Amino acid sequence: MKIGIYGGTYNPPHLGHLAAAKAVFELLELDRLWLIPAGTPPHKTMPSGSPSSEQRLEMTRLAAEQLGLGDKVEVLDMEISRGGKSFTSDTISELKAQNPGDEFWLLMGTDMFMTFQAWHEPQTILRHTGIAAFGRTEADTEELFAIQREYLMKQYPGARIFTLTIPGVIDISSTELRDMLQRGEGGNLLAPAVYGYILRNHLYNTNADLKKLSLRELRPVALSHLKHSRIPHVLGTEEEAIRLAQFYGADTEKARRAALLHDCTKRLSLSEHLALCEEYGVEVDELEKTSPNLLHSKTAAAIAKNVYGECDEVCEAIKWHTTGQADMTLLEKILYIADYIEPTRSFPGVEKLRKKVYEDLDAGVLMGMENTIALMIERGGPIHPNTTSAAEALRERTGRNRGQA
Ligand code: DGI
Ligand code: FE
Ligand code: FE
């Protein structure tokens, strides 16, 4: 396999890293890409107020997911868990020993490439890996890189050096970016989930009040809670919730906030859900105790209330978005069904359901709910009593139970 290795402090990982990683991945036709956040970097000291190693690791994971390369890209914690100064020669030697049959390419930008001979044990590095150095302009690559490439080839016979120009790679200085973040700027230079993570954890002296986030801030913050693959669903739910709120005369801002946060605990395990219920005093019944699917709406509502200070209406909509309940409010119905019919959903009958929802909201919600009930019966899973009573109440409202079995 051809494996790219891209180390760095990732303080924070930004769109410049992602653009370079993606371009090299494609140009070198790599099979894998491993991002390796450094422990203590040998060449610089961390500025005060910096995130912890674990936070840099988590941000790098969020950024890596954004590449859309699935499990071809991995974030390795080997330098962070090794502790102390991170020497690339140690890392490469270790990786080569573990994967003797693979071909390695070490990714680096202009500055790193130009000073490569001053690194710790350059000959060891070059014995185990090729170098893929990327410049931002043709001038970088041809003028600067050519001299350095010749020098390194002479100095280290047998070295494999590949230099490439990545047009359009954004020139981002991490130092400047950190200053911008402190001033409330720079979010556009980061993957949204990374920006949200920074705001949520008050990194780089950002001081967002989590209980008073504007919609513009809430969006990236909400996305930072999600697995990358769930982002389109949540943004689709937001879009559908806006449309429904406008159509049926509900508060669009509340609908958006509820949609953005509705699945914010979806990636958690059963025990993590139960711990949150304990922490926030959420009552859990026997059926819920066994089901992350049923618990995620309860825990998301608790996070919306306790962490983000959302109003009761928004929290209730989140709380009932999976099962529904008897006598649902307009906002509750909107979120329940937006989740069901948002644009990325595709299942047999979804078009018919979408049409129904915009003809008669109650009938549409009931139709969705009956789909779910049928699905649960098919799967042999228990139907939650809240689902049953929600459907019952809607049958009542739509006059469907009169004269029917
Ligand atoms: O979180 P989403 O996947 O976007 O959608 P959702 O919140 O509607 O969750 C759907 C899951 O919840 C799905 O796997 C079915 C399950 N579910 C919905 N209603 C019930 C239920 N599970 C049980 N046991 N009983 C229900 O009444
Ligand atoms: Fe959900
Ligand atoms: Fe959902």
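It should be emphasised that the depicted structure is a prediction, and the values quoted were computed from it without experimental measurement.
- A donor and an acceptor atom, one from each side chain of Ser89 and Thr124, are nowhere located under 3.5 Å apart.
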Any chance you could lay out the side-chain contact (heavy atoms from CB on, under 4.5 Å) test for Leu177 and Gln182, step after step, and finish with the verdict?
-> CA-CA 9 Å; Leu177 177 53; Gln182 185 164 350; over 6 Å; no
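- For Arg379 (side chain) and Ala374 (main-chain N/O), no donor-acceptor pair under 3.5 Å exists by modelled atom type.
- Proximity of Ile303 to Leu276: side-chain heavy atoms (C-beta onward) are separated by under 4.5 Å at one or more points.
- Residue Met180 forms a side chain to side chain contact (heavy atoms under 4.5 Å, CB included) with just one option from Ile172, Thr175, Leu189, and that option is Leu189.
- Using modelled atom types, no side-chain atom of Thr129 and backbone atom of Ile125 make a donor-acceptor pair closer than 3.5 Å.
- Side-chain atoms of Leu235 and Glu342, non-hydrogen and from C-beta on, never get closer than 4.5 Å to each other.
- In terms of modelled atom types and a separation under 3.5 Å, the side chain of Thr290 and the main chain of Leu287 share a donor-acceptor contact.
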Under 3.5 Å, sequence neighbours excluded: what are the donor-acceptor pairs made by side chains of residues 315-322?
| residue | atom | partner | partner atom | Å |
| --- | --- | --- | --- | --- |
| Glu316 | OE1 | Trp320 | NE1 | 3.1 |
| His321 | ND1 | Ile318 | O | 2.8 |
| His321 | NE2 | Asp263 | OD1 | 3.2 |
| His321 | NE2 | His296 | NE2 | 3.0 |
| Thr322 | OG1 | Ser297 | OG | 3.4 |

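- Ring pair Tyr336/Tyr340 is tilted by interplanar angle, where 30° to 60° counts as tilted.
- Residues meeting the ring pair (Phe, Tyr, Trp, His ring centres under 6.0 Å) test with His128, sequence neighbours left out: none.
- Between Asn201 atom CG and Gln55 atom CD the span is 5.0 Å, to the nearest 0.5 Å.
- By the 6.0 Å contact criterion, CD on Glu278 is open, its count of non-hydrogen atoms from other residues, nucleotides or ligands being 12 or less.
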Derivation of the side-chain contact (heavy atoms from CB on, under 4.5 Å) call for Lys85 and His120 = CA-CA 11 Å; Lys85 289 201 171 204; His120 185 65; over 6 Å; no
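- Taking 4.5 Å as the limit, some side-chain heavy atom of Leu95 sits within range of a side-chain heavy atom of Ile36.
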Let me have the donor-acceptor pairs involving side chains of residues 361-368, under 3.5 Å, with sequence neighbours excluded, atom names and distances please.
| residue | atom | partner | partner atom | Å |
| --- | --- | --- | --- | --- |
| Asp362 | OD1 | Lys333 | NZ | 2.7 |
| Asp362 | OD2 | Arg397 | NE | 3.0 |
| Asp362 | OD2 | Arg397 | NH2 | 3.2 |

Donor-acceptor pairs under 3.5 angstrom involving side-chain atoms of residues 251-259: please list them, not counting sequence neighbours.
| residue | atom | partner | partner atom | Å |
| --- | --- | --- | --- | --- |
| Asp251 | OD1 | Glu253 | N | 2.9 |
| Asp251 | OD1 | Lys254 | N | 3.1 |
| Glu253 | OE2 | Arg257 | NH1 | 3.0 |
| Lys254 | NZ | Glu313 | OE1 | 2.8 |
| Arg256 | NE | Glu238 | OE2 | 2.9 |
| Arg256 | NH2 | Glu238 | OE2 | 3.0 |
| Arg257 | NE | Glu310 | OE1 | 2.9 |
| Arg257 | NE | Glu310 | OE2 | 3.2 |
| Arg257 | NH1 | Leu213 | O | 3.2 |
| Arg257 | NH2 | Leu213 | O | 2.8 |
| Arg257 | NH2 | Glu310 | OE2 | 3.2 |

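- Within a 6.0 Å radius of CD in Gln155, more than 12 heavy atoms belonging to other residues, nucleotides or ligands are found.
- Here the side chain of Arg354 pairs a donor or acceptor atom with the backbone of Ile341 at under 3.5 angstrom.
- For the pair Met59/Tyr10, no side-chain contact is recorded, criterion being any heavy-atom separation below 4.5 Å from C-beta on.
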side-chain hydrogen bond (donor to acceptor under 3.5 Å, both in side chains) between His384 and Asp285, intermediate numbers included = CA-CA 10 Å; His384 194 277; Asp285 63 34; 2.8 Å; yes
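- Dense packing is recorded around CZ of Arg183, with more than 12 heavy atoms of other residues, nucleotides or ligands lying under 6.0 Å away.
- Although no hydrogens or angles enter the test, the distance criterion places no donor-acceptor pair under 3.5 Å between the side chain of Arg219 and the main chain of Pro192.
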Determine all donor-acceptor pairs shorter than 3.5 Å in which one atom belongs to a side chain in residues 103-118; sequence neighbours excluded.
| residue | atom | partner | partner atom | Å |
| --- | --- | --- | --- | --- |
| Glu103 | OE2 | Trp105 | NE1 | 2.8 |
| Thr115 | OG1 | Asp111 | O | 3.1 |
| Thr115 | OG1 | Met112 | O | 3.3 |
| Gln117 | OE1 | Gln148 | NE2 | 2.9 |

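- Without hydrogens or angle criteria, Thr387 side chain to Ile383 main chain gives no donor-acceptor distance under 3.5 Å.
- Within a 6.0 Å radius of CD in Glu176, no more than 12 heavy atoms belonging to other residues, nucleotides or ligands are found.
- Remark: the Asn188 side chain and the Tyr195 side chain contain no N/O donor-acceptor pair separated by less than 3.5 Å.
- No side-chain heavy atom of Arg267 sits less than 4.5 Å from a side-chain heavy atom of His225.
- Crowding of Glu29 atom CD: a count of heavy atoms from other residues, nucleotides or ligands under 6.0 Å not exceeding 12.
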Checking side-chain contact (heavy atoms from CB on, under 4.5 Å) for the pair Glu370/Arg395: CA distance, chi angles, key distance, verdict?
-> CA-CA 10 Å; Glu370 287 181 332; Arg395 280 187 207 108; 3.0 Å; yes
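- A side-chain N or O of Ser214 and one of Glu217 form a donor-acceptor pair less than 3.5 Å apart.
- Remark: Ser224 OG to Glu58 CD distance equals 9.0 Å, nearest 0.5 Å.
- When all heavy atoms of Phe347 and Asn371 are compared, the closest pair comes out as CE1-ND2, 4.1 Å.
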For side-chain contact (heavy atoms from CB on, under 4.5 Å), just list the numbers for Lys356 and Lys352, CA-CA rounded to whole Å, side-chain angles, deciding distance to a tenth of an Å, and then say yes or no.
-> CA-CA 6 Å; Lys356 177 64 90 188; Lys352 198 173 152 214; over 6 Å; no
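- Residue Lys298 places its NZ atom among more than 12 non-hydrogen atoms of other residues, nucleotides or ligands, all under 6.0 Å distant.
- Between Tyr204 and Pro51 there is a side-chain heavy-atom pair separated by less than 4.5 Å.
- Judged by distance alone, with hydrogens and angles left aside, the side-chain atoms of Asp31 form a donor-acceptor pair with the main-chain N or O of Lys2 at under 3.5 Å.
- The side-chain heavy atoms of Val24 and Leu33, taken from C-beta on, include no pair separated by under 4.5 Å.
- Rounded to the nearest 0.5 Å, atoms CG (Leu223) and CG (Leu260) are 7.0 Å apart.
- A salt bridge is defined here as a Lys NZ or Arg NE, NH1 or NH2 lying under 4.0 Å from an Asp or Glu carboxylate O, and Arg127 with Glu121 fails to meet this definition.
- By the neighbour-count criterion of 12 heavy atoms within 6.0 Å, atom CD of Glu359 is densely surrounded, having more than that number from other residues, nucleotides or ligands.
- Of the charged side-chain nitrogens involved, at least one lies within less than 4.0 Å of a carboxylate oxygen, so that Glu239 and Arg243 count as a salt-bridged pair.
- Counting heavy-atom neighbours within 6.0 Å of Asp102 CG, excluding the residue itself, gives a total above 12.
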Could you give the side-chain donor-acceptor pairs of residues 62-76 under 3.5 Å, partners two or more places apart or in another chain?
| residue | atom | partner | partner atom | Å |
| --- | --- | --- | --- | --- |
| Glu65 | OE1 | His228 | N | 2.8 |

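- Looking only at distances, a side-chain donor or acceptor of Arg56 sits under 3.5 Å from a matching main-chain atom of Thr9.
- Within the 4.5 Å cutoff, side-chain heavy atoms of Met153 are placed close to those of Arg149.
- Across every non-hydrogen atom of Pro37 and Leu57, the tightest pair is CG-CD1, 3.8 Å.
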